[in-house]
Amino acid sequence: MPFTLATWNINSVRLREGLVSRLLSSELPDVLCLQEIKTPLDKFPTEGFAALGYRYMVARGQKGYNGVAILSKLPLTDAGDRDYAALGHARHVAARLENGVTIHNFYVPAGGDIPDRAQNVKFGQKLDFIAEMRDVFHADRPEKAILVGDLNIAPREDDVWNHKALLKIVSHTPVEVEHLGAAQDAGKWVDITRQDMPEGRLYSWWSYRSPDWNAADKGRRLDHIWATPDISNAGHGSRILRDARGWEQPSDHVPVFATFDL
DNA sequence: ATGGTAGACCTTCTA
């Protein structure tokens, strides 16, 4: 049974409940993974999404910051979470579908502005978070798994608007790309978006600070969909909903989609 | 090299 999955950093699910409903109504993904819900779960707007058929949710929330949720039309069970880098933040949650597939939803720390852990503790925390992902994948050897989320790293030259200009900008520095690559290798994760669209520039985020985001098009691909090799061949139909960046009062990220025939 | 915008929340932190 094929299912379509989407991932979206929503930057406050309470402020943008209407945008999430618009996406669910128009695109009909079976599963939607959200990051930066920025709310405790007792204030999460579950009723509106349930009315659209998304009756299942596995989530972790906190007040004001971070928070991840997996909304689904298909039955889900909670598969736990991990406090990566011991930050005490709600940045990871996992859920299991009835077909045995495990979905990991990640919100990797942005890492601050200065790409040096001696001057910027947030950058060190970001590297530590990703190093722990590597260690966990090495120990656990994930199978039948999908990993999605805002990984806050654009790994390839064609994942950013200007590779050379961004080499010292957090999200595209060589040390971050190296860390993310080690985590990906440790779990043998296949980048499904690039499996489907191997050529050309792809972006999922455009800064709020850049005026005229569409014409300037200074984007980065920070949001990812990965799968383990045992199911990677089932992945297809990837796309990035660039239009969502132009919706009224948008998130700075747009939804990324993939379908799995499983 | 700098500053630019957005969201949550209690005045500043985070992105």
Side-chain angles (χ1 to χ4, degrees), chain A residues 7-23 33-45 59-69 83-92 105-117 119-130 148-155 159-162 164-173 175-177 179-180 203-224 242-256:
Chain A
T7 179
W8 195 9
N9 179 319
I10 193 61
N11 187 19
S12 175
V13 72
R14 290 160 66 194
L15 188 68
R16 285 187 250 280
E17 178 184 357
L19 294 191
V20 175
S21 294
R22 176 175 175 177
L23 181 84
C33 297
L34 296 171
Q35 302 86 34
E36 278 207 274
I37 60 173
K38 288 188 170 177
T39 179
L41 297 186
D42 59 353
K43 293 185 178 177
F44 190 100
R60 298 292 185 271
Q62 68 179 85
K63 185 178 178 181
Y65 303 98
N66 312 312
V68 285
D83 180 16
Y84 286 86
L87 299 172
H89 297 172
R91 293 181 178 273
H92 169 250
N105 184 11
F106 277 94
Y107 175 46
V108 171
D113 289 334
I114 303 169
D116 176 359
R117 70 188 309 157
Q119 297 179 58
N120 169 18
V121 289
K122 292 187 191 312
F123 193 72
Q125 290 169 347
K126 180 178 194 176
L127 296 180
D128 292 346
F129 189 108
I130 300 164
V148 309
D150 177 5
L151 305 185
N152 263 316
I153 295 175
D159 289 336
V160 294
W161 66 278
N162 184 327
K164 204 174 171 188
L166 290 179
L167 278 170
K168 292 182 178 175
I169 302 298
V170 173
S171 74
H172 193 60
T173 64
V175 64
E176 290 171 89
V177 172
H179 272 63
L180 189 66
Y203 311 141
S204 65
W205 174 89
W206 293 261
S207 174
Y208 285 127
R209 298 177 192 176
S210 170
D212 205 1
W213 70 274
N214 194 30
D217 202 19
K218 295 182 175 181
R220 306 177 201 169
R221 187 172 70 106
L222 304 180
D223 303 275
H224 300 268
R242 181 185 174 106
D243 283 0
R245 186 63 177 78
W247 291 356
E248 191 178 340
Q249 200 173 25
S251 170
D252 45 355
H253 295 253
V254 299
V256 179

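FYI, side chains are in, hydrogens and waters are out, and symmetry mates aren't considered; it's all heavy atoms of this structure. Proteins come first, then strands; the chains are lettered A, B, ... in the order of their sequence lines, and each starts at number 1.
A close approach under 4.0 Å does occur between a side-chain nitrogen or oxygen of A:S12 and OP1 or OP2 of B:dA8. Distances shorter than 4.0 Å separate some side-chain N or O of A:R16 from OP1 or OP2 on B:dG7.
Residues from residues 214-223 of chain A that place a heavy atom under 4.0 Å from any atom of DNA chain B: there are none.
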Could you list, one pair per line, each protein nitrogen or oxygen that sits under 3.5 Å from a nitrogen or oxygen of nucleotides 11-15 of chain B, together with the distance?
| unit_1 | atom_1 | unit_2 | atom_2 | d |
| --- | --- | --- | --- | --- |
| B:dT14 | OP1 | A:K122 | NZ | 3.1 |
| B:dT14 | OP2 | A:K122 | NZ | 3.3 |
| B:dA15 | OP1 | A:R91 | NH2 | 2.9 |
| B:dA15 | N6 | A:R209 | NH2 | 2.5 |
| B:dA15 | N1 | A:R209 | NH2 | 2.9 |

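The distance from atom CD1 of A:I37 to atom P of B:dA8 is 12 Å, rounded to the nearest whole Å. Rounded to whole Å, atom P of B:dA8 lies 14 Å from atom CD of A:Q62. Between A:W213 atom CH2 and B:dA6 atom P there is a gap of 14 Å when expressed in whole angstrom units. At whole-Å resolution of the value, CH2 in A:W206 and C1' in B:dA6 are 17 Å apart. Distance, A:D113 CG to B:dG3 P: 12 Å, rounded to whole Å. Distance A:K43 NZ to B:dG7 P: 18 Å, rounded to the nearest Å.
Residues satisfying the side chain to side chain contact (heavy atoms under 4.5 Å, CB included) test with A:E248, not counting sequence neighbours, are none. Listed by chain and number, the residues in a side chain to side chain donor-acceptor pair (under 3.5 Å) with A:N152 amount to none (sequence neighbours excluded). A:N11 is linked by a side chain to side chain donor-acceptor pair (under 3.5 Å) to A:K38, A:Y208, counting only residues two or more places apart in sequence or in another chain. Under the rule for a ring pair (Phe, Tyr, Trp, His ring centres under 6.0 Å), A:H179 has no partner lying at least two apart in sequence or in another chain. Listed by chain and number, the residues in a side chain to side chain contact (heavy atoms under 4.5 Å, CB included) with A:V170 are A:P115, A:F123, A:K126, A:E176 (sequence neighbours excluded). By the side chain to side chain donor-acceptor pair (under 3.5 Å) test, A:W205 is found to be paired with A:D252, residues two or more places apart in sequence or in another chain being considered. Not counting sequence neighbours, the partners of A:H89 by the side chain to side chain donor-acceptor pair (under 3.5 Å) test are A:R91.
Across B:dC10 and B:dA6, the matching P atoms stand 22 Å from one another, rounded to whole Å. Nucleotides B:dC9 and B:dC13 place their C1' atoms 9 Å apart, quoted to the nearest Å. To the nearest whole angstrom, the two C1' atoms, one in B:dG3 and one in B:dA15, are 15 Å apart. If you take atom C1' in B:dG4 and the same atom in B:dT14, they sit 16 Å apart, rounded to whole Å.
In A:D83, the CG atom is crowded: over 12 heavy atoms of neighbouring residues, nucleotides or ligands sit closer than 6.0 Å.
No hydrogens or angles considered: nothing links the side chains of A:R60 and A:N66 as a donor-acceptor pair under 3.5 Å.
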